[in-house]
Amino acid sequence: MTMEKDPHENKPILQKPFAQTYFHGTKADLKLGDFIEAGFNSNFGQRKNAKYIFLTSTLDAAIWGAELAIGEVRERIYLVEPTGAIEDDPDLTDRKFPGNPTQSFRSTEPFKVVGELTLWQGHPAAQVQAMKDGLARLREQRVNSLNDDD
């Protein structure tokens, strides 16, 4: 944190550093202050009751999350704050890709919705369909999400 002086009153002003921004892509219609919680059916893997919820610090990964979410309603990207510990998502991090290029994380603790990103550009329809087809092939081959193993 830094201290500056208020030019009008010559008093110090406490300035906080920027916090990490996290995104959550979905088709759920949420409001500011709502909490995203684990325990609902997952969009991926075995689509069972999800032990984890997911967030990312890259807009591209959030867009994929919104585009690949189940449902025929509007895709949404929320700005969220984790309320507890987060860890790398093993489907998209060190186990499959060096580092964490998508900056994708998971948690068992809720995320608080603090904003919604309303202007963003999705991927081309052919690219989204190719990704959906690839996920369907993985399901057919019974290749499950690493998040289903925990």
Side-chain angles (χ1 to χ4, degrees), residues 1-2 13-150:
M1 288 192 251
T2 61
I13 302 172
L14 183 63
Q15 294 185 342
K16 295 181 181 179
F18 286 104
Q20 174 67 53
T21 300
Y22 292 107
F23 304 101
H24 179 81
T26 186
K27 290 185 180 167
D29 183 11
L30 303 169
K31 306 289 182 251
L32 291 181
D34 283 353
F35 288 89
I36 301 168
E37 299 179 286
F40 294 92
N41 287 343
S42 170
N43 286 314
F44 306 102
Q46 298 173 23
R47 296 190 174 162
K48 62 183 181 180
N49 239 8
K51 180 178 178 182
Y52 300 99
I53 49 176
F54 301 86
L55 64 129
T56 178
S57 60
T58 68
L59 181 56
D60 189 58
I63 291 170
W64 278 117
E67 292 172 331
L68 298 175
I70 296 171
E72 299 302 320
V73 295
R74 183 166 73 94
E75 299 155 345
R76 297 171 181 272
I77 296 177
Y78 295 105
L79 301 166
V80 297
E81 289 179 352
T83 63
I86 62 172
E87 61 189 27
D88 285 350
D89 173 356
D91 278 340
L92 299 171
T93 56
D94 291 332
R95 293 189 196 173
K96 290 188 177 185
F97 302 106
N100 188 347
T102 63
Q103 292 298 290
S104 297
F105 307 96
R106 69 182 186 179
S107 182
T108 57
E109 301 297 321
F111 306 146
K112 183 177 182 180
V113 175
V114 296
E116 181 176 357
L117 187 61
T118 57
L119 297 174
W120 51 275
Q121 179 68 43
H123 297 97
Q127 190 177 8
V128 173
Q129 189 58 54
M131 180 69 85
K132 288 180 177 180
D133 292 346
L135 290 172
R137 279 191 302 278
L138 290 174
R139 274 192 304 278
E140 289 168 7
Q141 297 167 0
R142 300 205 188 290
V143 175
N144 293 316
S145 164
L146 294 171
N147 290 298
D148 288 337
D149 295 337
D150 292 324

| message | Closer than 3.5 angstrom, by distance alone: can the side chain of Tyr22 be matched with the main-chain N or O of Pro82 as a donor-acceptor pair? | response | no

| said: Contact between Leu79 and Phe23 at the side-chain level, heavy atoms closer than 4.5 Å - yes or no? | reply: yes

| request: Kindly compute the distance separating CZ (Arg74) from OG1 (Thr118), expressed to the nearest 0.5 Å. | output: 8.0 Å

| query | Roughly how far, to the nearest 0.5 Å, is the OG1 atom of Thr108 from the CD1 atom of Ile86? | reply | 11.5 Å

| field | Side-chain donor or acceptor of Tyr78 paired with backbone N/O of Ala28 under 3.5 Å | value | yes

| CG on Leu32 to NZ on Lys112, rounded to 0.5 Å | 9.0 Å

| request: Please report the closest heavy-atom contact between Arg76 and Trp120, naming both atoms and the distance. | output: N-CZ2, 4.4 Å

| query | Should Lys27 and Asp29 count as an ion pair when the cut-off is N to O under 4.0 Å? | reply | no

| said: So if I apply the side-chain contact (heavy atoms from CB on, under 4.5 Å) rule between Trp64 and each of Leu59, Val128, Thr56, which one comes out positive? | reply: Val128

| note | In this structure, CG of Asp60 is separated from CD of Gln121 (nearest 0.5 Å) by 11.5 Å

| Taking all non-hydrogen atoms of both residues, which atom of Ser107 and which atom of Ala85 are closest, and how far apart? | OG-O, 2.7 Å

| field | side-chain hydrogen bond (donor to acceptor under 3.5 Å, both in side chains) partner of Glu67, the single match among Lys132, Gln127, His123 | value | His123

| said: Would Asp88 and Phe105 count as a side chain to side chain contact (heavy atoms under 4.5 Å, CB included) here? Give the steps. | reply: CA-CA 4 Å; Asp88 285 350; Phe105 307 96; 3.3 Å; yes

| query | Just by distance, do the side chain of Thr58 and the backbone of Gln103 share a donor-acceptor pair under 3.5 Å? | reply | no

| Just one of Asp34, Ile53, Val114, Ile36 clears the side-chain contact (heavy atoms from CB on, under 4.5 Å) bar with Val80, so which one? | Ile36

